[in-house]
Amino acid sequence: MLALYFILLVCVPLAIIMTFTAPRLAITVAVNQPAYLVIQNSNKSLTPHRAITSQQLDNDELLLRQASKANPKPPPKLPKKLAFMFLTTTSLPLAPLWELFFNQTSYYNSLYNVYVHADPAQKHKPGFFDNRIIPSSKPAYRHTPTLISAARRLLAHALLDDPSNYMFILLSPSCIPLHSFNFTYNTLASSTKSFIEILTNEPGWYDRWAARGPYAMLPEVPPEEFRIGSQFWTLTRSHAKMVVSDVEIWSKFNKPCVRKDTCYPEEHYFPTLLHMRDPQGCVSATLTHVDWSVSDHGHPRTYKPSEVGAELIQKLRSARLRYGDGGGTRKDSFLFARKFSPAGISQLMNIARDAILN
């Protein structure tokens with residue numbers, strides 16, 4: 001009896017203490033738990049590796065640091081995926097064509113992901129790409145390194161979002177596909193190299209190198225290492241990781257220009273970085289066709305609705321890629337083309353099934 005009394009005397013107060021302290025411990029844990037935002041993307045439920053803290057989303061350095069830890073190779077037993085990354089300000093005007101491209105058959109849903117970097121200050125029409133906008137999107141402006149930052153954010157999200165993303169394709173809102181999804185997928189999934197235009201000794205290259213000042217790029221980027229190329233490229237997973245991990249070369253391009261007329265950092269940073277780090281891992285050409293025979297204030301030709309037809313698509317398909325450093329005699333096909341006017345969406349949809357996606 002005395003032993004039972006002793007047990008009650010010790011255990012009951014302890015139980016009371018635990019009853020009052022346990023909720024406080026639970027509250028403390030909840031308060032310290034980071035708030036998570038998720039990348040809403042393709043067609044299946046989100047998995048743990050898709051979670052990114054709100055602190056990382058607000059801070060590019062933290063986001064890129066987290067993405068730099070991603071596996072450089074996709075899982076060997078899973079199908080490779082293509083990460084389509086759209087860099088835009090407003091809603092994608094050619095979205096109906098891309099929706100048709102992605103939804104040709106339900107089987108393809110497991111072979112791609114879509115990411116959109118859009119200016120959060122702009123209004124966006126509801127549609128197919130609603131839940132593809134990355135939550136860390138920020139305004140991006142021409143003649144500034146903000147366009148590079150936007151592309152790096154897209155790469156970071158795509159790396160963290162899905163370990164099966166194998167090729168990372170940067171596209172503009174004026175881009176269209178030139179082939180079916182099946183043709184595009186087979187071309188890119190079978191490649192072991194990135195497709196990025198890497199050009200040397202282009203007219204005005206020195207002025208572009210010195211746009212931030214005559215010594216701003218030194219010593220990390222000497223003039224002989226500076227390269228020029230299209231803003232739009234396709235990178236392998238290992239190169240995507242290389243971009244988000246880079247600090248040294250980025251520190252030179254992440255500076256304001258003193259000359260706006262020669263400041264196009266988005267056309268310089270990526271080809272320069274890949275040229276300096278892994279030129280043998282690149283096909284030095286872009287897969288996005290553009291017509292620079294007509295230039296309007298630094299912008300290439302825009303195809304008007306009256307110009308859109310099956311003949312134009314065939315012409316763009318049969319055009320030859322321009323190869324830069326070490327391009328050799330390859331015969332790759334253009335997979336995308338720009339710039340197409342938003343007003344031409346009806347004409348594009350009229351020829352989509354027979355001329356574009358056949």
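We count residues from 1, following the sequence as given.
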query: Where the side chain of Ser230 meets the backbone of Phe232, is there a donor-acceptor pair that is under 3.5 Å apart?
result: yes
message: Check this for me: does any side-chain nitrogen of one of Arg322 and Glu202 sit under 4.0 Å from a carboxylate oxygen of the other?
response: yes
message: Can you list, by chain and residue number, the hydrophobic cluster partners of Trp292 when the side-chain cut-off is 4.5 Å?
response: Val290
message: Looking at Ser284 and Asp325, would you say the former's side chain and the latter's main chain have a donor-acceptor pair under 3.5 Å?
response: yes
query: Looking at His268, His275, Glu197, which one forms a side-chain hydrogen bond (donor to acceptor under 3.5 Å, both in side chains) with Arg227?
result: His275
Asn350 side chain to Ser346 backbone, donor-acceptor under 3.5 Å: yes
field: Shortest non-hydrogen separation from Glu307 to Thr302 and the atoms involved
entry: OE1-O, 3.8 Å
statement: When rounded to the nearest 0.5 Å, the distance separating CG of Leu87 from CG of Asp119 is 10.5 Å
message: Looking only at side-chain N and O atoms, does Tyr269 offer a donor or acceptor that is under 3.5 Å from a partner on Asn254?
response: no
message: For the residue pair Asn165 / Tyr112, report whether a side-chain donor-acceptor contact shorter than 3.5 Å exists.
response: no
statement: Applying salt bridge (Lys or Arg N to Asp or Glu O under 4.0 Å) to Arg353 and not counting sequence neighbours gives none
message: Using every non-hydrogen atom in the two residues, find where Leu94 and Pro342 come nearest and quote the distance to one decimal.
response: CD2-CA, 4.2 Å
query: Quick one: are the ring centres of Phe253 and Trp250 less than 6.0 Å apart?
result: no
message: If I take atom CG from residue Leu287 and atom CG from residue Leu321, how far apart are they, to the nearest 0.5 angstrom?
response: 6.0 Å
task: Kindly indicate, with the supporting measurements, whether the criterion side-chain hydrogen bond (donor to acceptor under 3.5 Å, both in side chains) is fulfilled by Thr88 and His117.
output: CA-CA 6 Å; Thr88 184; His117 186 289; over 6 Å; no
- request: Could you tell me whether a side-chain N or O of Thr288 sits under 3.5 Å from a main-chain N or O of Ala337, the two making a donor and an acceptor?
  value: no
query: Between Ser110 and Pro79, which heavy-atom pair has the shortest distance, and what is it?
result: O-CG, 4.5 Å
task: Please report the closest heavy-atom contact between Pro177 and Ile356, naming both atoms and the distance.
output: O-CG2, 3.2 Å
query: For the ring pair His289 and Phe336, is the centre-to-centre distance below 6.0 Å?
result: no
field: Carboxylate-amine/guanidinium contact Arg65 Glu61, below 4.0 Å
entry: yes
task: Given side-chain hydrogen bond (donor to acceptor under 3.5 Å, both in side chains), test Thr184 with His179 step by step and report yes or no.
output: CA-CA 6 Å; Thr184 303; His179 299 271; over 6 Å; no
message: Quick test of your reading: applying ring-ring contact (aromatic ring centres under 6.0 Å, His included), list the pairs with at least one residue in residues 61-89, sequence neighbours left out, ordered by first then second residue.
response: Phe84-Phe101, Phe84-Phe102, Phe86-Trp98, Phe86-Phe129
message: For the backbone of Ala70 and the side chain of Lys241, can you confirm whether one donor and one acceptor N or O come within less than 3.5 Å of each other?
response: yes
statement: Rounded to the nearest 0.5 angstrom, the CD1-CG distance for Ile169 and Leu335 is 8.0 Å
- prompt: Do we see a donor-acceptor contact under 3.5 Å between the side chains of Asp291 and Ser293?
  reply: yes
message: Quick check: closest heavy atoms across Leu235 and His239, and the distance to 0.1 Å?
response: CB-CB, 4.2 Å
With sequence neighbours excluded, residues passing salt bridge (Lys or Arg N to Asp or Glu O under 4.0 Å) with Arg338: none
statement: In this structure, CD1 of Ile148 is separated from CZ of Arg153 (nearest 0.5 Å) by 11.5 Å
- prompt: Can Arg152 and Asp60 be counted as an ion pair, charged N to O under 4.0 angstrom?
  reply: no
task: Identify, with sequence neighbours excluded, every residue that meets side-chain contact (heavy atoms from CB on, under 4.5 Å) alongside Asp207.
output: Arg259, Thr262
query: Is the backbone N or O of Ala189 less than 3.5 Å from a side-chain atom of Lys80, with the two atoms forming a donor-acceptor pair by type?
result: yes
query: Looking at Glu248 and Arg277, does any basic side-chain N land under 4.0 Å from a carboxylate oxygen?
result: yes
task: Could you note down all residue pairs passing ring-ring contact (aromatic ring centres under 6.0 Å, His included) where residues 339-358 supplies at least one of them, sequence neighbours left out?
output: Tyr303-Phe340
field: Side-chain donor/acceptor of Lys304 to backbone N/O of Ser341, under 3.5 Å
entry: no
